[in-house]
Amino acid sequence: MKKSVTVLDILAKKGKEKITMVTSYDFTMTRIIDASDIDIILVGDSAGVVMAGGKNTLGITMDQMIYHTKCVTKAEPASLVVGDMPFMSYQSSIAQAVSNAGRFLQEGGAQAVKLEGGKRVLHQVAAIAAADIPVMGHLGLTPQSIHAFGGHKVQGRGKQAAKLLLENALALQEAGIFALVLECVPTDVAKQVTKALKIPSIGIGAGQHCDGQVLVIQDLLGMFKEFKPKFVKKYANLFDDIKAALDTYAKEVRSGRFPDEAHSFKE
Ligand code: KIV
């Protein structure tokens, strides 16, 4: 039996061993992930896009995120499960942030939560951490700020922006996060932030110097044809593999080859 990964294990990996993180939103995929060697499963609000077909992550609700988190934790993975706090579940007040973070642990069965933003959410981060709920930060291209950013753009470019990113990272660390996602940030900026932090950084489109990496599982497995961000590496081509299996199934049903005797019951 695999040993469960804890927040302390993640912290201890800094400078020693790279951290691996992928997203998952359901029981079946989580079972497969758990059979592999992945440290952290993020129940990302990207579920609103890859599971629900939304144009961005803004539409997914707390109840929907709790549903996906439950589906993941039902598989009882050894990986650390982090629930992603959706848009408007922590921005309006500290009390709202703490109670919604608590729902991820109490109802969802997660071990930690993630939220987006820097200095503007410091009070929320500190209050969640003070309730003994481990918090992961997220800086750079934070998808919930897509309209404020004016699109999917690399963040932290230029001296001033890089300085601000570093200040936000250090402030989040001070507020009590145990790890920090850096999304779509120039490699050198991510390297500088990673070096300055005591806690691990986890990059997505942030180069090779981060303490770990995260990818959306459907991107990693090549389940989409039309959309491929520069930072995604496809480790499989499941779109083509699944389509080929379905075409073969349809052909065999139409020709009468399936079901054969081996897949039928005798009296
Ligand atoms: O929701 C998500 O999938 C994420 C990752 C891209 C870090 O936040």
Side-chain angles (χ1 to χ4, degrees), residues 10 18-26 29-30 33 38-62 64-69 71-72 79-91 100-101 104 108 110 112-118 121 125 134-146 149 151-156 165 168-169 172 177-185 190 193-194 199-207 210-221 223-224 227-234:
I10 299 302
K18 293 272 186 182
I19 296 158
T20 55
M21 175 159 113
V22 295
T23 64
S24 187
Y25 321 97
D26 68 271
M29 188 64 85
T30 304
I33 294 168
I38 293 291
D39 299 311
I40 306 177
I41 293 174
L42 172 68
V43 188
D45 64 353
S46 47
V49 179
V50 295
M51 301 300 285
K55 280 196 166 54
N56 53 49
T57 59
L58 302 184
I60 195 152
T61 64
M62 259 311 289
Q64 289 167 329
M65 285 304 300
I66 294 295
Y67 167 78
H68 285 294
T69 308
C71 293
V72 165
S79 318
L80 184 82
V81 176
V82 179
D84 204 5
M85 298 192 70
F87 182 57
M88 280 302 133
S89 69
Y90 56 94
Q91 286 90 343
N100 280 329
F104 275 99
V113 297
K114 173 171 88 58
L115 54 82
E116 297 182 5
V121 293
V125 168
V135 196
M136 181 180 279
H138 187 162
L139 289 174
L141 201 184
T142 43
Q144 292 173 17
S145 307
I146 183 88
F149 289 152
H152 288 97
K153 295 176 184 159
V154 173
Q155 301 294 308
L165 189 80
N168 275 308
L172 283 170
I177 60 167
F178 74 93
L180 177 65
V181 170
L182 291 173
E183 179 164 355
C184 290
V185 169
V193 172
T194 300
I199 54 154
S201 66
I202 301 177
I204 172 163
C210 292
D211 298 304
Q213 296 293 326
V214 54
L215 281 175
V216 168
I217 194 83
Q218 283 81 356
D219 291 343
L220 184 160
L221 296 176
M223 295 177 84
F224 293 109
F227 174 69
K228 188 190 164 300
K230 182 177 160 70
F231 57 80
V232 168
K233 181 169 177 185
K234 289 185 183 181

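Keep in mind that this is a model prediction, so the values were computed, not measured. Order of appearance sets the numbers: ligands from 1, and atoms from 1 within every ligand. Any value given below was found using the heavy atoms of this structure, including those in side chains, with hydrogens, waters and symmetry copies removed.
- Taking both residues in full, the closest heavy atoms of S46 and V216 are given as OG-CG2, 4.1 Å, listed atom of the first, atom of the second, then distance.
- Using a distance-only test at 3.5 Å, with no hydrogens or angles considered, no donor-acceptor pair links the side chain of D84 to the main chain of V43.
- Under the 3.5 Å distance criterion, the side-chain polar atoms of D211 are matched with a main-chain donor or acceptor of S201.
- By the neighbour-count criterion of 12 heavy atoms within 6.0 Å, atom OH of Y67 is sparsely surrounded, having that number or fewer from other residues, nucleotides or ligands.
- With hydrogens and angles ignored, the 3.5 Å screen pairs a side-chain donor or acceptor of Y90 with a backbone N or O of E116.
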Give every pair made of an N or O atom of ligand 1 and a protein N or O atom lying under 3.5 Å apart, one pair per line with both atom names and the distance to 0.1 Å, or write 'none'.
| residue | atom | partner | partner atom | Å |
| --- | --- | --- | --- | --- |
| ligand 1 | 1 (O) | D45 | N | 3.2 |
| ligand 1 | 1 (O) | D45 | OD1 | 2.9 |
| ligand 1 | 1 (O) | S46 | N | 3.1 |
| ligand 1 | 1 (O) | S46 | OG | 3.2 |
| ligand 1 | 1 (O) | D84 | OD2 | 3.1 |
| ligand 1 | 3 (O) | S46 | OG | 2.5 |
| ligand 1 | 8 (O) | K114 | NZ | 3.1 |

Q.
The test is side-chain contact (heavy atoms from CB on, under 4.5 Å); show your working for V81 and F104 and say whether it passes.
A. CA-CA 10 Å; V81 176; F104 275 99; over 6 Å; no
